[in-house]
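In what follows, a structure is listed as structure tokens, so that the remarks can point back to it.
These figures come from a predicted structure and were not determined experimentally. First listed ligand is number 1; within each ligand, the first listed atom is number 1.
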Amino acid sequence: MPKLSLLVAVTQFLVGLAVARVTGLIKRESASLDSWLATESRYALDGILNNIGANGGKAQGASSGIVVASPSKNNPDYFYTWTRDAALTAKCLIDTFIMTGDEGLQLEMQNYITSQARLQTVSNPSGDLSNGEGLGEPKFNVDMTAFTGSWGRPQRDGPALRATAMITYANWLIENGQTEKADSIIWPIIQNDLAYVAQYWNSTTFDLWEEVEGSSFFTTVAQYRSLIEGSALADKLGHSCPACDSQAPQILCMLQSYWTGSFILANFGSDRSGKDANCILGSIHSFDPSADCNDATFQPCSARALANHKVVTDSFRSIYDVNKGISQGQAVAVGRYPEDVYQGGNPWYLCTMAAAELLYDALYQWERIGSLSISDISLGFFRDIYSASAVGEYESSSSVYKDVTAAVRAYADGFMSVAQKYTPSNGALAEQFSRSTGSPVSASDLTWSYAALLTSSQRRSKLNPPSWNSTSNPPPSTCPSPSPVTGTYKPAPTTTFPTPDCSDPPETVSVRFNALVSTTVGQNVYLVGSVPELGKWDPADGVKLNANEYSSFVPLWYGALEMASGTGFEFKFVIRDGNGVVWETGENRKVEVLQECGVSNMTITGNWRS
Ligand SMILES: *[C@@H]1O[C@H](CO)[C@@H](O)[C@H](O)[C@H]1NC(C)=O
Ligand SMILES: *[C@@H]1O[C@H](CO)[C@@H](O)[C@H](O)[C@H]1NC(C)=O
Ligand SMILES: *[C@@H]1O[C@H](CO)[C@@H](O)[C@H](O)[C@H]1NC(C)=O
């Protein structure tokens, strides 16, 4: 097996485990969703990697690091790279790398960054780099040349989303003692994107669906986030971003104008209802696990985001045949917006899973905060799924909190189950599924659909991206007159990462095992497996894991072993207490220790199987 595909195979394994269920917290009826997600997550990561050049199996002809939207070359032809789709995919990969420690994904991220540095310099119909306008070009050919056909351009969410993906990696490098790479390679690329956002946020744009020219909630919220994170990164690197600091509060102020009082208006400049998955996506891509239920930034647990969730999902209840007979408060198939006619105007996998993801995000936030509040604005959302809901503040120890959060979780799982129901048995995720029959429609193997499957299943298992410190002062009720800043733009001087010395892969790899197992006092968790280090299947000789990071919230047992590169082994998690030994159920877990240049760590995360 060539080295890359070995890496990919192990990666699939790791991520598949990482999104399996958290033991003990889930009722039995979701068992089939659990096992589908474990398998489908492996398929989805493979689906993403297949669509990235130069080695992706379905991305032949794409340059290194280029994320192709879909291998589909006709009706529709999506064999291009979109800045937005690529950035959302890169964010998913870098977050997955940080969660799992899987260094193969880090290499993909580096190739992506190198490719984006080049794309920033490609003159295109939106303009070029000299005044930044070329950064707003929505899509390029897969060989990194300009796409010159007519299109809805510019699309100003791309640079913001790309900055956010790169900032996540730069922050990780800084935290891991590699500030020099963040500063010399990544910061100059990020700077161009931040300058673009600060200069053009108050100019009209095409929305994420490439149809409406005006202002778009998804774009504005992504722009705000990028400048907050950009400013924090500049500080850490000993630089500053005055344009980030002056523009972010103005963008936050303008962002409030999308709130209608009962839902989030997707776009200014359109005569549609304004009910649109745009705004659910805006909330999940600005999810900050450390945030309060902040209305100003439309956090997933905010009253605004929940009220909007109801309005948007309800807008699809009566218009799709596949939703017929599903009662209020039960999950449905979700499309982009009710007036949609593109390719038949069907439900989309990524929109349906976004409806689940927002609720998993909210559940995490309530659990961390330790309470949940129901207001006049969010009451309708809560009443649908828990009819006794009443306005109030509920501590996490209260029975109302427990009942409501159980209902929210079941509702969220319902949206995932809708996606599961309409996914063909081979696991392939297209763009849409038919509103009348549920069979896949439009582009096949849509990269964004796969990324949405991974992010929603990770959130379901409380595997979260890093915080972006979204907390801010409340915006003023009247916005100041906008004063965008003219930026300066330069090609990044260094765009490649040092390649590891490939003549000599490390002889051993530090393998970290994370087990998510709810235990009681007196119980300990062990690794028991086929190799001598793991006791040759004798539980008395297994490796005891540490519980010093354990909480009821994240029931983590972990341990690390130095293992010979290239070794294959099998293992299971085992619970031991005074009364004996309990093995987890199911097949043995199979692992191949990586043998790759530059790879000295890997992480295996698994949920106890009872
Ligand atoms: C520009 O900002 C003003 C003030 O916040 C706002 O009213 C207007 O809608 C914005 N226009 C665009 C295109 O962002
Ligand atoms: C968020 O703020 C904390 C405390 O100031 C800081 O340590 C951390 O690095 C910040 N995170 C980001 C992503 O900037
Ligand atoms: C790699 O493993 C070493 C040894 O266990 C550990 O100190 C280091 O933090 C690990 N690095 C990553 C990125 O996990």
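- Each of the atoms 14 (O) of ligand 2 lies under 4.0 Å from some heavy atom of Ala232.
- Not a single protein heavy atom sits closer than 4.0 Å to atom 7 (O) of ligand 1.
- At a 4.0 Å cut-off, at least one heavy atom of Ser215 sits close enough to ligand 1 to count as contact.
- For ligand 1, the atoms closer than 4.0 angstrom to any heavy atom of Cys479 are 5 (O).
- Polar contact check, Glu175 against ligand 2: no nitrogen or oxygen pair lies under 3.5 Å apart.
- Judged by distance alone, the side chains of Trp209 and Asp276 do bring a donor and an acceptor atom under 3.5 Å apart.
- Side chains of Trp151 and Glu210: a donor on one and an acceptor on the other come within 3.5 Å.
- Nearest protein heavy-atom contact of atom 14 (O) of ligand 1 is Asn202 ND2, 3.0 Å.
- Numbered from 1 in the order shown, with element, the atoms of ligand 2 that lie under 4.0 Å from a heavy atom of Asn171 read 13 (C).
- A donor-acceptor contact closer than 3.5 angstrom links the side chains of Asp288 and Ser470.
- Interface of Ser467 with ligand 2, defined as ligand atoms under 4.0 Å from a residue heavy atom, comprises 13 (C).
- Residues Leu161 and Thr164 fail the side-chain proximity criterion, which asks for heavy atoms closer than 4.5 Å.
- Under a 4.0 Å heavy-atom criterion, Trp201 is in contact with ligand 1.
- Judged by distance alone, the side chains of Tyr169 and Gln106 do bring a donor and an acceptor atom under 3.5 Å apart.
- At the shortest separation from atom 9 (O) of ligand 1 among protein heavy atoms lies Met254 CE, 3.9 Å.
- Between the side chains of Glu367 and Tyr401, not a single donor N or O lies within less than 3.5 Å of an accepting N or O.
- The protein non-hydrogen atom at the shortest distance from atom 4 (C) of ligand 2 is Asn469 ND2, 4.7 Å.
- The line from CD of Glu137 to CH2 of Trp82 is 11.0 Å long, rounded to the nearest 0.5 Å.
- In this structure, Phe140 has its ring center at least 6.0 angstrom away from the ring center of Tyr80.
- Where the criterion is an N or O separation shorter than 3.5 Å, residue side chain and backbone included, Lys236 meets it with respect to ligand 2.
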